[in-house]
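Notes follow the structure.
It should be emphasised that the depicted structure is a prediction, and the values quoted were computed from it without experimental measurement. Throughout, protein chains are lettered first and strands after them, A, B, ... in sequence-line order, and every chain is numbered starting at 1.
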Amino acid sequence: MFALIDCNNFYASCERVFNPSLNCKPVVVLSNNDGCVIARSNEAKEVGIPMGAPAFEYQYVFERKNVAVFSANFELYGDMSRRVMTMLSDYSPHQEIYSIDECFLDLSNLLVDLQAYGLNMRKQVFKGTGIPVSVGIAPTKSLAKVASLIAKKFPARTGGSYVIDTDEKRIKALKWLPVDDVWGIGRRNAKKLNAIGVKTAYDFCQLNKTWILNHMTIVGARLQDDLNGIPTLEMEPVELKKSIATTRTFERDYATYQEVEERVSTFAVSCAEKLRTQHSLCNKIEVFIQSNRFKENEEQYSNSVVVKLPFPTSSSIEIVEFALEGLQTIYKKGIGYKRAGVVLMDFDKDTEYQQSLFFNSHPKHARLMEAIDFINNKTGAKVRLAIQDKRTHKMRQEKLSPCYTTKMKDIITVHLK
DNA sequence: TCTGGGGTCCTAGGACCC
DNA sequence: TCTGGGGTCCTAGGACCC
């Protein structure tokens with residue numbers, strides 16, 4: 001048996017933990033630059049605010065319905081997530097953290113009343129962190145997902161935990177669930193399925209395997225088996241990341257190369273820092289830039305390039321150099337740029353990698369980066385490259401809550417030649 | 001005026017090998 | 001007239017997730 005534990009309205013719930021007066025009131029959390037709604041309390045859903053709603057279009061709803069609006073505080077949410085996950089890890093020797101607000105637990109060979117076990121998890125997590133969760137328990141991962149949706153949808157009847165442990169319950173659940181809401185069936189496949197009359201998860205489970213293979217590849221076929229109770233999706237150990245990205249929409253359009261260059265440099269450094277925390281080196285760097293797609297009367301341009309490195313590295317200095325090399329090949333003058341990003345790919349371990357015969361990462365950089373990371377993480381000071389943007393405040397975050405559980409760091413700039 | 005960010009996996013087709 | 005067969009590896013793009 002698998003359990004899937006999903007935090008309810010996670011970001012909104014995090015804000016509520018430290019501000020209980022928001023209980024029973026509509027709460028929304030906005031994306032970077034206070035752009036879109038990315039989390040909603042149940043009350044906010046009820047007043048008709050959709051996921052992804054642009055904040056400026058819904059300003060009047062926020063005011064009229066007295067909605068509490070927050071800028072995204074990812075430092076707070078990340079810390080709360082760690083606390084929830086740590087508590088849940090006590091309930092199984094095997095945990096897969098699937099996202100910031102969800103995890104699977106392997107409950108095989110557990111001789112307990114599973115319904116009571118789920119209810120206890122829920123109770124303890126709420127007591128320890130203040131975060132409400134829904135628990136779904138079933139013989140496969142995708143069915144555990146279905147069970148968690150039932151737990152979330154019917155809190156009064158289920159107590160927030162639901163177990164699918166008989167074929168009757170499985171079929172009843174699948175007949176209840178619209179196929180569009182099945183984990184692994186996205187918009188494209190839902191459209192195809194609706195077109196041939198498949199409405200529910202149950203209908204999907206009855207489909208001919210050949211049709212599924214032809215239209216949804218092996219991914220769809222595995223999902224069908226899993227929903228039919230044949231465990232096909234396994235627990236996956238969360239290992240090292242296979243790609244690391246830092247991408248941002250800018251608070252306005254950038255007209256000069258220098259502005260874009262500063263941001264791309266900062267993104268590259270941010271990626272390099274994340275890369276070093278998992279002790280990897282990268283072999284490829286993708287850089288992309290995009291114009292403002294909402295300004296339909298202006299020239300549109302978007303492009304990307306993958307730079308193959310002559311040697312694997314995690315040096316911020318080298319990664320910035322190669323990223324800017326890439327940027328120069330795709331930058332086009334006369335465009336107002338609204339978004340850019342850097343993605344690192346193709347990793348090696350920093351202890352085992354292929355050296356180049358002719359070029360290698362600067363031998364002193366590894367120690368330099370170690371020193372910089374130490375200063376930045378442990379001392380409260382901030383060392384950065386001179387080419388990075390100098391601002392300490394680069395996003396619009398007008399409604400940011402305090403980092404209640406983590407310290408705010410002083411920022412001191414040391415320019416590095 | 002204003003519209004998010006960060007991941008994973010699979011596949012088709014091209015380049016290459018003998 | 002007539003032009004093989006069987007592989008591997010890589011990559012860009014698409015689908016999905018939260």
Side-chain angles (χ1 to χ4, degrees), chain A residues 4-11 28-40 50-60 62 69 71-74 77-78 81 96-104 141-142 145 148-149 180-193 213-223 232-234 236-253 267 270-271 274-275 278 283-284 286 288 290-296 298 302-306 308 336 338-347 395-398:
Chain A
L4 183 273
I5 300 92
D6 191 330
C7 300
N8 299 345
N9 317 321
F10 182 54
Y11 299 165
V28 300
V29 176
L30 304 179
S31 61
N32 283 338
N33 289 319
D34 294 345
C36 296
V37 172
I38 57 170
R40 305 161 295 157
M51 188 56 146
F56 74 94
E57 279 178 14
Y58 280 80
Q59 199 55 51
Y60 75 100
F62 297 161
V69 180
S71 303
N73 185 342
F74 291 113
Y77 311 149
S81 171
E96 175 188 339
I97 297 176
Y98 180 72
S99 73
I100 193 164
D101 71 335
E102 274 177 56
C103 75
F104 287 99
K141 285 173 92 175
S142 63
K145 267 276 195 184
S148 79
L149 293 177
D180 310 54
D181 296 341
V182 172
W183 181 48
I185 293 186
R187 271 213 307 271
R188 297 297 275 251
N189 284 324
K191 207 173 160 188
K192 284 186 212 167
L193 290 165
L213 281 169
N214 285 339
H215 294 87
M216 301 176 64
T217 78
I218 188 74
V219 182
R222 286 202 284 246
L223 176 61
T232 315
L233 311 172
E234 299 295 332
E236 285 173 25
V238 233
E239 286 175 7
L240 302 179
K241 295 222 181 333
K242 295 171 180 174
S243 68
I244 288 175
T246 303
T247 71
R248 287 290 178 280
T249 298
F250 307 142
E251 72 288 354
R252 59 178 171 82
D253 296 356
F267 300 161
S270 158
C271 285
K274 297 181 206 168
L275 187 66
Q278 67 165 42
N283 285 287
K284 288 179 194 157
E286 178 177 359
F288 70 81
Q290 289 170 4
S291 56
N292 190 337
R293 67 196 168 100
F294 294 103
K295 290 191 176 164
E296 289 169 12
E298 291 187 10
S302 86
N303 205 348
S304 71
V305 62
V306 176
K308 286 174 194 156
K338 180 65 173 167
R339 197 167 108 86
V342 173
V343 188
L344 308 185
M345 299 172 299
D346 193 0
F347 298 159
M395 281 190 301
R396 188 165 59 221
Q397 286 185 310
E398 289 169 358

Practice item. Apply side chain to side chain contact (heavy atoms under 4.5 Å, CB included) to Ser71(A) and list each qualifying residue two or more places apart in sequence or on a separate chain. Key: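 Residues passing side chain to side chain contact (heavy atoms under 4.5 Å, CB included) with Ser71(A): Asp34(A), Gln397(A), Lys399(A), Leu400(A).
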Check your understanding: Among all residues two or more places apart in sequence or in another chain, which pass the side chain to side chain contact (heavy atoms under 4.5 Å, CB included) test with Gln290(A)?
Key -> Phe288(A), Ser302(A), Arg339(A)
Would you indicate what [X] reaches in the nucleic acid, counting non-hydrogen atoms under 4.0 angstrom: base, sugar-phosphate, or nothing?
| X | answer |
| --- | --- |
| Glu102(A) | sugar-phosphate |
| Asn189(A) | sugar-phosphate |
| Arg252(A) | nothing |
| Tyr98(A) | sugar-phosphate |
| Lys192(A) | nothing |
| Val182(A) | sugar-phosphate |

Listed pairs under 3.5 Å, donor-acceptor, residues 96-104 of chain A side chains, sequence neighbours left out:
{"residue": "Glu96(A)", "atom": "OE1", "partner": "Lys141(A)", "partner atom": "NZ", "Å": "2.7"}
{"residue": "Glu96(A)", "atom": "OE1", "partner": "Glu236(A)", "partner atom": "N", "Å": "2.8"}
{"residue": "Tyr98(A)", "atom": "OH", "partner": "Trp183(A)", "partner atom": "NE1", "Å": "3.2"}
{"residue": "Ser99(A)", "atom": "OG", "partner": "Asp101(A)", "partner atom": "N", "Å": "3.4"}
{"residue": "Ser99(A)", "atom": "OG", "partner": "Asp101(A)", "partner atom": "OD1", "Å": "2.9"}
{"residue": "Ser99(A)", "atom": "OG", "partner": "Glu102(A)", "partner atom": "N", "Å": "3.4"}
{"residue": "Glu102(A)", "atom": "OE1", "partner": "Lys145(A)", "partner atom": "NZ", "Å": "2.7"}
{"residue": "Glu102(A)", "atom": "OE2", "partner": "Lys145(A)", "partner atom": "NZ", "Å": "3.3"}

**Study point:** Interatomic distance, Arg252(A) atom CZ to Asn33(A) atom CG [nearest 0.5 angstrom]
**Key:**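 Atom-to-atom, Arg252(A):CZ and Asn33(A):CG are 11.5 Å apart.
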**Study point:** Spatial distance of atom NZ (Lys274(A)) from atom OG1 (Thr246(A)) [nearest 0.5 Å]
**Key:** 3.0 Å
Check your understanding: If you measure from the Lys or Arg side-chain nitrogens to the Asp or Glu carboxylate oxygens, is any gap between Lys295(A) and Asp253(A) under 4.0 Å?
Key -> yes
Review point. How do Gly35(A) and Leu240(A) order along DNA chain B: which one's closest nucleotide is nearer the 5' end?
Key: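 Result of the comparison: Gly35(A).
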Check your understanding: Between Ala55(A) and Lys274(A), which has a closest nucleotide on DNA chain B that is more 5'?
Key -> Ala55(A)
Practice item. Can you run through DNA chain B from 5' to 3' and write each base as (, ), [, ], | or . depending on how it pairs? Watson-Crick or G-U wobble, both distances under 3.5 Å. Key: ....||||||||||||||
Point to revise | chain A contact limits on DNA chain C, taken 5' to 3' with a cut-off of 4.0 angstrom to heavy atoms | key: dT11(C) to dC18(C)
Exercise for review: Return the minimal non-hydrogen interatomic distance between Val29(A) and Ala72(A), and the atom names on each side.
Suggested key: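 Shortest heavy-atom separation between Val29(A) and Ala72(A) comes out as CG1-CA, 3.7 Å.
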Review point. Should the ring pair Tyr58(A) and Tyr60(A) be called parallel, tilted or perpendicular, given that the plane angle runs from 0 to 90° and is split at 30 and 60?
Key: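 Aromatic pair Tyr58(A)/Tyr60(A) classed parallel.
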Review point. By ring-ring contact (aromatic ring centres under 6.0 Å, His included), which residues pair with Phe347(A), not counting sequence neighbours?
Key: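 With sequence neighbours excluded, Phe347(A) shows a ring-ring contact (aromatic ring centres under 6.0 Å, His included) to no residue whatsoever.
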